[in-house]
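Take a look at the structure set out below.
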Amino acid sequence: MTTYLLRSWRRGIIYIGFVAIFIVFSVTLSDQGFLDPDNLLNIIRQTAMIALMAVAMTFVLAAGEIDLSVGAVAGLASVVTAIVIHDYGFLGGMLAGLASGVLIGLVNGLLTTRIGIPSFLTTLATMGVATGTAMWISQTAAIPILNRAYSFIFGGGNIGPIPVLFVWVLVIGVAGHIGLKKCSFGRRVLATGGNETAAHYSGVDTLKIKLSVLLMSSTMAALAGMLYAGRLQSGRYQFGEGDEMSVIAAAVLGGTSLMGGTGTIIGSIVGALMIGLINNGLVLFGLDYSQQLIARGGIIILAVALSQRSPRR
């Protein structure tokens, strides 16, 4: 009974923490406009890309791997999209942006599964390659995007009061949840991360699963970069810089184990929103950047410690 209660507590801590932080900020920052609808919508806009990448990262971590290149891939995709849109229009830019993510994902997956390089090292290397490539082809300058249709669909538009970015998060979140919890692919991912040897002897192609989740992660990172570009109407190699840590933190906050075998898409999205909530609240409190880093790190460490702690026998 005690073990069951501890497991229930760990599964629910992210939601309890999210509500608790929201209430605290609502009370203490009521005169700073925290509850203003525009501010709440801005939190969604600012965390949408992290949430999308966290969905794919949940599959990667659940399979027992990790992807450190997502932030760099987002920056590369934004630059590639902006450059190609200028010469070939909306469709060409969209396909080129996604293709950049697919290419990095294939490199990550093949090096990890066929050559045997740990995904930590593989994605650390491709992070540098993606950032360097983005800097090179853009000459470290911002590439403007003047296509209004692209900007509307990929992050800059609103459907009534609802940001298009929220629609992207909703669609990808639902698809990810169904894929992880309701489909055989999701069960194979969890089996691979839980016990790779047992999964292999049960007929699961674990190498194919790992390649698939790494490919998924880079493709979703490319989509996030395209959304950055659409929202800010330009491609910049800095987009996504440092996002890999926020993405991994969001997934772990949501209940996904770094050791593999467990994962929850809804929790990862809530984890991303929680990080955005903390960032927004700390800014409204008037803390300088260094103080924000300290406070945010402490809150995340506390939340992860509570959600990941294993019950003692």
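Reckoned from all heavy atoms, side chains included, excluding hydrogens, waters and symmetry mates.
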Intermediate values then yes/no, side chain to side chain contact (heavy atoms under 4.5 Å, CB included), T126 and I104: CA-CA 7 Å; T126 53; I104 297 293; 4.3 Å; yes

Counting only pairs under 3.5 Å, give me each side-chain donor-acceptor contact of residues 31-38, with atom names and distances, residues two or more places apart or in other chains.
{"from": "D36", "atom 1": "OD1", "to": "D38", "atom 2": "N", "distance (Å)": "2.9"}

With rounding to the nearest 0.5 Å, note down the distance linking CD1 in I275 to CZ in F18. 11.5 Å

Which pairs pass salt bridge (charged side-chain N to carboxylate O under 4.0 Å, His left out) with one or both residues in residues 52-79, sequence neighbours excluded? E65-K210

Interatomic spacing from CG in L165 to CG in L170 - rounded to 0.5 Å: 12.5 Å

When rounded to the nearest 0.5 angstrom, what is the spacing between CG in L284 and OG1 in T28? 9.5 Å

List the steps and the verdict of side chain to side chain contact (heavy atoms under 4.5 Å, CB included) for M220 and L223. CA-CA 5 Å; M220 193 60 64; L223 175 59; 3.8 Å; yes

Looking at I66, is its backbone amide N or carbonyl O close enough to the side chain of S119 to form a donor-acceptor pair, meaning the two atoms are under 3.5 Å apart? yes

Do the side chains of L76 and Y88 join up, straight or via other hydrophobic residues, at under 4.5 Å, putting them in one cluster? yes

Identify the two heavy atoms, one from S138 and one from V79, that lie closest to each other, and give their separation to 0.1 Å. CB-CG1, 3.7 Å

Less than 4.5 Å apart, any side-chain heavy atom of T112 and any of L121? no

Is there a donor in the side chain of N42 and an acceptor in the side chain of N280, or the other way round, less than 3.5 Å apart? no

Please list all pairs meeting side chain to side chain donor-acceptor pair (under 3.5 Å) that have one or both residues in residues 144-154, counting only residues at least two apart or in different chains. none

Apply side chain to side chain contact (heavy atoms under 4.5 Å, CB included) to residues S268 and V55 and explain how you reach the verdict. CA-CA 6 Å; S268 295; V55 169; 5.7 Å; no

Could you state whether L95 and I83 fall into the same hydrophobic cluster, counting links through intermediate Ile, Leu, Val, Met, Phe, Trp or Tyr residues with side-chain heavy atoms under 4.5 angstrom apart? no

Heavy-atom side-chain contact between I159 and V164 under 4.5 Å: yes

Any idea which heavy atoms bring V73 and G101 closest together, and the distance? CG1-CA, 4.0 Å

Heavy-atom side-chain proximity of T256 to F59 below 4.5 angstrom: no

Have N108 and T122 got a donor and an acceptor in their side chains that come within less than 3.5 Å? no

Linking I/L/V/M/F/W/Y whenever any side-chain heavy atoms sit under 4.5 Å apart, do M57 and V189 land together? yes

Minimal heavy-atom distance between L190 and G263, with the atoms involved, is CD2-N, 4.1 Å

Main-chain N/O of I153 paired with W168 side-chain donor or acceptor, under 3.5 Å: yes

Using every non-hydrogen atom in the two residues, find where V60 and S217 come nearest and quote the distance to one decimal. CG2-CB, 3.6 Å

How many angstroms lie between OH in Y201 and OG1 in T206, if you round to the nearest 0.5 Å? 11.0 Å

4.5 Å side-chain heavy-atom contact, Y15 and I266: yes

What are the two closest non-hydrogen atoms of A63 and V213, and how far apart are they? CB-CG2, 4.1 Å

In this structure, CD1 of I21 is separated from CE of M274 (nearest 0.5 Å) by 3.5 Å

State whether a side-chain donor-acceptor pair under 3.5 Å links R188 with S184. yes

Restricting to pairs with a member in residues 234-255, which pass side chain to side chain donor-acceptor pair (under 3.5 Å), not counting sequence neighbours? Y228-D243, S234-R236

For S78, the side-chain hydrogen bond (donor to acceptor under 3.5 Å, both in side chains) test, sequence neighbours excluded, returns none

Beyond-backbone contact of V204 with H200, side-chain heavy atoms, under 4.5 angstrom: no

Run L146 and H86 through side chain to side chain contact (heavy atoms under 4.5 Å, CB included) and show every step you take. CA-CA 8 Å; L146 304 178; H86 182 269; over 6 Å; no

Do L207 and L211 make a side-chain contact, defined as non-hydrogen atoms from C-beta onward lying under 4.5 Å apart? no

Going from CG on L40 to CG on L273, what distance comes out if it is rounded to the nearest 0.5 angstrom? 11.0 Å

Is there a continuous path of hydrophobic side-chain contacts, each under 4.5 Å between heavy atoms, that joins L253 to L282? yes

Please check: side-chain N/O of S212 versus main-chain N/O of K208, any donor-acceptor pairing under 3.5 Å? yes

Under a 3.5 Å distance rule, please check whether T123 uses its side chain to pair with a backbone N or O of L68 as donor and acceptor. yes

F185, CZ atom: more than 12 neighbouring heavy atoms under 6.0 Å: yes

In short, A199 meets A191 closest at the heavy-atom pair CB-O, 3.6 Å

N/O donor-acceptor pair under 3.5 Å between S100 side chain and G97 backbone: yes

Residue pairs involving residues 171-181 (criterion salt bridge (charged side-chain N to carboxylate O under 4.0 Å, His left out); sequence neighbours excluded): none

Is it true that, when you exclude M259 itself, more than 12 heavy atoms of the residues, nucleotides or ligands shown sit nearer than 6.0 Å to its CE? no

Side chain T47, main chain I43, donor-acceptor under 3.5 Å: yes

Would you say the side chain of L52 lies within less than 4.5 Å of the side chain of I269, judging by non-hydrogen atoms? no

Can you hop from L106 to I117 via hydrophobic side chains spaced under 4.5 Å? no

